[in-house]
Amino acid sequence: MAVNVASEWLNSCSGCEIAILNLGETLLDLLPKINFVHIPVLMDHKHLGQLGDKQHIDIPKATVGLVSGGIRNEEHLEVAMEMRKKCDIVIALGTCATHGGIPALINSVTNEELFDRYYATESTDSGAQVPTKGISPLLDRCYALDEHIKVDIYLPGCPPHPDQIATAILALLNGETPELPFKSVCDTCPTKRMGKGAVKGIKRAVECPEFDPDKPIDEMRCLLEQGYLCMGPVTRAGCAGTNGEAPRCISARVPCRGCYGPVQQKGNQLLDMLNALASNGIDLSQLPDRDSLLRFSGAHNRLVVKQGKKTRR
Ligand code: SF4
Ligand code: SF4
Ligand code: SF4
């Protein structure tokens, strides 16, 4: 019998749902085994009933619930709680759900500052007002899913590699619990390492690294050793897929930005990266901005409003 699956997107960009569609032929193999009972990216299924006549969000019961995106407003919170109530197993899909993701960068400013900046200083409409009607009120900050509901399985990645999504769903169909690798991006990176401690200065990602395009990736020197802020040492592996390819960004000859979040669910990418940089000889006082080292994992109170800034409302 097919397993019922429900999917929801909260504070998300829909890239995680596209990753599900990117399963390609694997999705065709999976479809006879799963029954999507609710998936807004594919099916028209209204939250408040098809006629909009219900008072509370109603999502059908399912064995597996896939939730992408973090929690930023009251509607996200209500949908997340309904998914928890209706799904036996909740999977946090993507780094927005597991660690806040890019939207959690907002946690370094207050809501007040956000509104002032967007509506009072950067709007082209000088009379712009903060909208209040038909919009779910914001919470004080952007939360990862497990700050509000229990999560059973974490699938980080921005978005997660389709192979990883397929592996997780297949494991569940076989009655197994999917396991994530306790490895870093560096552990799956084939670049050449010459030894730590010799980096002289930090290079910006817009500067082209040294490599020969006619030579394979394992002939390129490690980007961190070349002076780039490559987050590979402190970022969970997974983006290389299951066929032994190089990590996605490294194969494009650009540094890892840390999109899979910390190697361990509760790790701190900022602290771990400062250690990695120091042990590579990089002077930490040269760092232009430390917050950006948490650009994918700013939930769980990792990124907070700095002292002296306005309080959150
Ligand atoms: S994890 Fe990335 S792809 Fe997924 S919803 Fe967030 S921003 Fe989009
Ligand atoms: S720091 Fe970056 S380039 Fe170097 S081994 Fe790790 S992932 Fe590869
Ligand atoms: S290399 Fe880093 S930033 Fe790029 S996809 Fe992999 S984990 Fe994400």
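Values below: all heavy atoms of this structure, side chains included; hydrogens, waters and symmetry mates excluded.
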Between Asp187 and Arg236, is a salt bridge (charged side-chain N to carboxylate O under 4.0 Å, His left out) present by the stated rule, with each step listed? CA-CA 9 Å; Asp187 292 331; Arg236 194 189 292 259; over 6 Å; no

Measure across Ser12 and Glu17 and return the closest heavy-atom pair with its distance rounded to 0.1 Å. OG-OE1, 4.2 Å

Walk me through it: do Glu225 and Arg193 pass the test side chain to side chain contact (heavy atoms under 4.5 Å, CB included)? CA-CA 7 Å; Glu225 291 185 4; Arg193 273 154 274 193; 3.6 Å; yes

Measure across Ile102 and Cys96 and return the closest heavy-atom pair with its distance rounded to 0.1 Å. N-SG, 4.4 Å

Assess, by modelled atom type and distance only, whether the side chains of Glu8 and His38 contain a donor and an acceptor separated by less than 3.5 Å. yes

Tell me whether the count of non-hydrogen atoms from other residues, nucleotides or ligands lying under 6.0 Å of CD in Glu219 goes above 12. yes

Restricting to non-hydrogen atoms, name the atom on His99 and the atom on His300 that form the minimum distance, rounded to 0.1 Å. CA-CE1, 4.2 Å

Other residues, nucleotides and ligands only: do more than 12 of their heavy atoms fall within 6.0 Å of NZ on Lys192? yes

Side chain proximity check, Tyr260 to Cys239, heavy atoms < 4.5 angstrom: yes

What's the shortest heavy-atom distance between Asn11 and Arg72, and which atoms? ND2-CB, 3.4 Å

Count the heavy atoms of every other residue, nucleotide or ligand shown that sit under 6.0 Å from CD of Glu176, and state whether that count exceeds 12. yes

Can you see which heavy atom on Ala92 is nearest to which on Val151, and at what distance? CB-CG1, 3.8 Å

My understanding is that only one of Thr191, Val254, Ile250 makes a side chain to side chain contact (heavy atoms under 4.5 Å, CB included) with Leu223; could you say which? Ile250

Tell me the closest heavy-atom pair linking Arg141 and Glu147, and the distance in Å. NH2-OE2, 2.7 Å

Begin with the C-alpha distance, continue with both residues' side-chain angles, and end with the deciding distance and a verdict on side chain to side chain donor-acceptor pair (under 3.5 Å) for Thr98 and Gln265. CA-CA 8 Å; Thr98 60; Gln265 175 60 25; 5.0 Å; no

Could you check whether any side-chain N or O of Arg84 sits under 3.5 Å from a backbone N or O of Lys150, counting only pairs where one atom can act as donor and the other as acceptor? yes

Take atom CD of Glu25 as the centre, draw a 6.0 Å sphere, and report whether it contains more than 12 heavy atoms from other residues, nucleotides or ligands. no

Treating Arg221 as the side-chain partner and Glu210 as the backbone partner, does any N or O pair qualify as donor plus acceptor under 3.5 Å? no

With Arg204 as the cation and Tyr228 as the aromatic partner, state whether NZ or CZ is under 6.0 Å from the six-membered ring centre and within 45° of the axis. no

Counting only N and O atoms by type, is there a donor-acceptor contact under 3.5 Å from the side chain of Lys203 to the main-chain atoms of Pro209? no

